[in-house]
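Beneath this line is the structure, given in structure tokens, with notes to follow.
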Amino acid sequence: MTSTASSMDTRQGQAPHDQRPSWLQRLRRFGYPAGPAAAGPADVRDRLVPPYAEPSPRLWLALGVPPALAERITRWSGWVGPLLVTLMAGAMRFWNLGSPKAVIFDETYYAKDAWALVHRGFEVNWDKNANDLVLQSGGHLTIPTDAAYVVHPPVGKYVIGLGELIFGFDPFGWRFMTALLGTLSVLLLCRIGRRIFRSTFLGCLAGALMAVDGLHFVMSRTALLDGVLMFFVLAAFGCLVVDRDRSRARLAAALPADADGRVRPDAHTADTLRLGWRPWRWAAGLMLGLAFGTKWNGLYILAAFCVLAVLWDVGARKVAGARQPYVAVLKYDTGITFLATVPVAVAVYLVSWIGWIRSPADGSGGYFRNWAATDGKGGHWTFLPDWLRSLWHYEHEVYEFHVGLSSPHTYQSNPWSWLVLGRPVSYFYESPAAGTDGCPADAGQKCAREVLALGTPLLWWAACFALLYVLWRWLFRRDWRAGAIACGIAAGYLPWFMYQERTIFFFYAIVFLPFLCLAVAMLIGAIIGPPGSTDTRRVLGASGAGVLVLLIAWNFIYFWPLYTGTAIPIDNWRSRMWLDTWV
């Protein structure tokens, strides 16, 4: 019976890979490395520092590109591609940046606070009609001296104020730096995506997706703090990714090679090698300090990224052959990780308050600057400098404000609705009559001018599926790229679920938007197909991915009037209100 069954088994003589169940083989088209390939390359260097993907020679032959020119294009594409995407993003963001010529949404706080900070070192109370006076006078008005109580640290406002110092106290001036950082964040995402995916195409795709996202576009053209926070968070993540590559390359270089020149894991090296001071990790600490100094939710990012960096070190030493990777990381890596992040971030945060600290402590300086000399006399902490005690009291009062903020707002939203764009925020709205303020004379009705902080719907809805794919890759395939993307999303998103009774807004999601774009790029890479796929598979995958990307780009163009405050007939505006909650 056994011999009969064996003689009828058509799988005899096939490779073990072909003997796997058909469903397991089909998973390969979605990035599942079935069979011997799952074991990885023989040289451990390729596992520690995987090579970058290069275009197939068939592509250059089909395009008629000479081999020498093809090599030059490939070598420079890592920068040329991201720079072209960034140029496109910058042109869109700086186009007509001063429109609407108005103080829109929370610019009423941050534009004026920034102007006061760069001139006085602390925020002040402005007259109720200050917005009109600023616009009418071109920013030439006297700055008040009465200190104001504010609830956000000063870094983001200093950034906005830098643009005002250069270009003036007007809409273009206070939006310049957010537009610049928004443009540079596209470049950062292209380079970060290229490094983690080892693909220039996927890196540029991630950056291009963010360039055509409506929320990122609007936040880049508005003087709010959250776009500044997003930039510093993304920069910190990029520094950690570069540090990951550099440290793994150093680990690979220290491993011994066999007679054939192939590098093999070595327990002693992996368990004992010191990786040095790691300057990119210190740069990440600087960026995280600037994020923390922009808004307090940067602290959640700081904690998440520290854990991520430690886990990356564990994974690197494990691949290199460490018998006790956690012990090795605790002994050689954790100390530098802590020193380069937490103390650096705290120091940067304190330095950001230097204007407030240097202001007079006689009651004419920053808000609560004189607290230690008045209401704060006595107690057990009088050995500390007065400025530090006053600052601690100020921060405590700000904390009480944040956790107790529950005043209803027309555009507040619950974080459960953010990913599906349940409640975007209207920053500006006017209804000009036909023939006025950009409304066509032949409109026959009133027009609508709106600046709506709304993500590009098809991108965000695709991101919901991409997030599921990323979680699957992380949980079941232990893909570090998926884990890094999931960490960035979780750090920027999940903390808000602890404050569901608090007054919060959808535009806070800008902080984790870059990671959503990375997730969509990763999903599109899986749709196109893994290396080694058949031509038919690649054509079908590329066609589907191309259609998705074109639809996202079209969706951004369709909503362009709502992102730029362009006057359109009211019926056209209503046709763009896809959900009742958008009105």
Side-chain angles (χ1 to χ4, degrees), residues 97-182 218-229 290 293-296 352-360 364-369 394 397-398 401-402 405 407 409 411 425-430 451 453 503 505 507-508 565:
L97 182 61
S99 177
K101 189 177 180 181
V103 181
I104 64 174
F105 199 62
D106 280 355
E107 286 185 344
T108 188
Y109 304 116
Y110 304 128
K112 292 178 293 188
D113 285 349
W115 188 248
L117 267 177
V118 296
H119 285 88
R120 294 205 183 281
F122 57 91
E123 297 87 342
V124 299
N125 282 314
W126 296 80
D127 293 335
K128 291 183 178 180
N129 63 340
N131 291 345
D132 296 332
L133 293 175
V134 169
L135 296 174
Q136 293 168 6
S137 67
H140 301 290
L141 71 167
T142 303
I143 303 173
T145 58
D146 184 25
Y149 173 68
V150 296
V151 295
H152 291 301
V155 169
K157 288 168 280 190
Y158 274 121
V159 170
I160 294 170
L162 179 60
E164 294 174 333
L165 283 177
I166 299 173
F167 296 101
F169 191 26
D170 56 31
F172 182 88
W174 61 63
R175 294 171 191 162
F176 175 81
M177 286 303 297
T178 53
L180 178 62
L181 295 188
V218 171
M219 294 297 288
S220 297
R221 293 167 55 88
T222 311
L224 269 64
L225 302 181
D226 300 84
V228 180
L229 171 63
L290 293 172
T294 301
K295 291 189 78 171
W296 276 9
S352 72
W353 284 89
I354 193 67
W356 181 92
I357 293 170
R358 290 175 58 86
S359 68
S364 62
Y367 201 87
F368 277 138
R369 179 62 184 87
Y394 194 170
E397 293 297 311
V398 169
F401 169 84
H402 281 306
L405 181 61
S407 303
H409 192 284
Y411 292 105
V425 182
S426 181
Y427 289 173
F428 171 83
Y429 185 87
E430 284 184 349
V451 175
T503 306
F505 302 91
F507 63 82
Y508 296 170

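Sequential numbering from 1 along the given sequence is applied to the chain's residues.
Taking the side chain as every heavy atom from C-beta outward, Phe105 and Val451 never approach each other to under 4.5 Å. Put simply, the side chain of Val134 reaches to within 4.5 Å of the side chain of Trp174, judged on heavy atoms. With contacts defined as side-chain heavy-atom distances shorter than 4.5 Å, the pair Leu135/Pro171 qualifies. By the 4.5 Å heavy-atom criterion applied to side chains, Thr178 and Arg221 are not counted as neighbours. Counting heavy atoms from C-beta outward, Val228 and Lys295 have side chains that stay 4.5 Å or more apart. Counting only heavy atoms from C-beta outward, the side chains of Ile104 and Arg175 approach each other to under 4.5 Å. Within the 4.5 Å cutoff, the side chain of Thr145 has no heavy atoms near those of the Val124 side chain.
For Phe167, the ring pair (Phe, Tyr, Trp, His ring centres under 6.0 Å) partners are Phe172, Phe176, not counting sequence neighbours. Taking Tyr429 as the reference, Trp573 meet the ring pair (Phe, Tyr, Trp, His ring centres under 6.0 Å) condition, with sequence neighbours excluded. The salt bridge (charged side-chain N to carboxylate O under 4.0 Å, His left out) search around Asp113 returns none, not counting sequence neighbours.
Atoms CG and CG, from Leu224 and Asp106 in turn, are 5.5 Å apart once rounded to the nearest 0.5 Å. We find the OG-CH2 distance between Ser359 and Trp353 to be 10.0 Å, quoted to the nearest 0.5 Å. Distance OH/Tyr508 to CG/Leu225: 10.0 Å, rounded to 0.5 Å. For the atom pair OH of Tyr411 and CZ of Phe505, the computed distance is 11.0 Å after rounding to the nearest 0.5 Å. Here the OG1-OH distance, from Thr108 to Tyr110, works out to 10.5 Å after rounding to the nearest 0.5 Å.
Under a 3.5 Å cut-off, the side chain of Thr503 and the backbone N or O of Ser407 do form a donor-acceptor pair. No donor-acceptor pair closer than 3.5 Å links the side chain of Asp127 to the backbone N or O of Ala130.
Note: Tyr394 and Trp356 have tilted aromatic rings, judged against thresholds of 30 and 60 degrees for the angle between ring planes.
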Full working for side-chain contact (heavy atoms from CB on, under 4.5 Å) between Lys101 and Asp170: CA-CA 8 Å; Lys101 189 177 180 181; Asp170 56 31; over 6 Å; no
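For the residue pair Phe169 and Ala111, the shortest heavy atom distance occurs at CE1-O, 3.6 Å. Summarising the geometry of Val218 relative to Thr222, their closest heavy-atom pair is O-OG1, 2.7 Å, with the distance given to 0.1 Å. The heavy-atom pair separating Phe122 from Gly365 by the smallest distance is CE1-O, 3.6 Å. In this structure, Ser220 and Gly182 approach most closely via the heavy-atom pair OG-CA, 3.4 Å.
Each of Lys112, Glu107, Gln136 was compared with Asn131 under the side-chain hydrogen bond (donor to acceptor under 3.5 Å, both in side chains) criterion, and only Lys112 meets it.
Residues in residues 132-150 take part in no salt bridge (charged side-chain N to carboxylate O under 4.0 Å, His left out) pair, two or more places apart or across chains.
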Table please: side-chain donor-acceptor pairs of residues 137-144 below 3.5 Å, with sequence neighbours left out.
unit_1	atom_1	unit_2	atom_2	d
Ser137	OG	Leu133	O	2.6
Ser137	OG	Gly139	N	3.4
Ser137	OG	His140	N	3.3

Give every donor-acceptor pair under 3.5 Å between a side-chain atom in residues 147-164 and any protein atom, sequence neighbours left out.
unit_1	atom_1	unit_2	atom_2	d
Tyr149	OH	Glu397	O	3.2
Lys157	NZ	Glu123	OE2	2.8
Lys157	NZ	His152	O	2.8
Glu164	OE1	Trp115	N	3.1

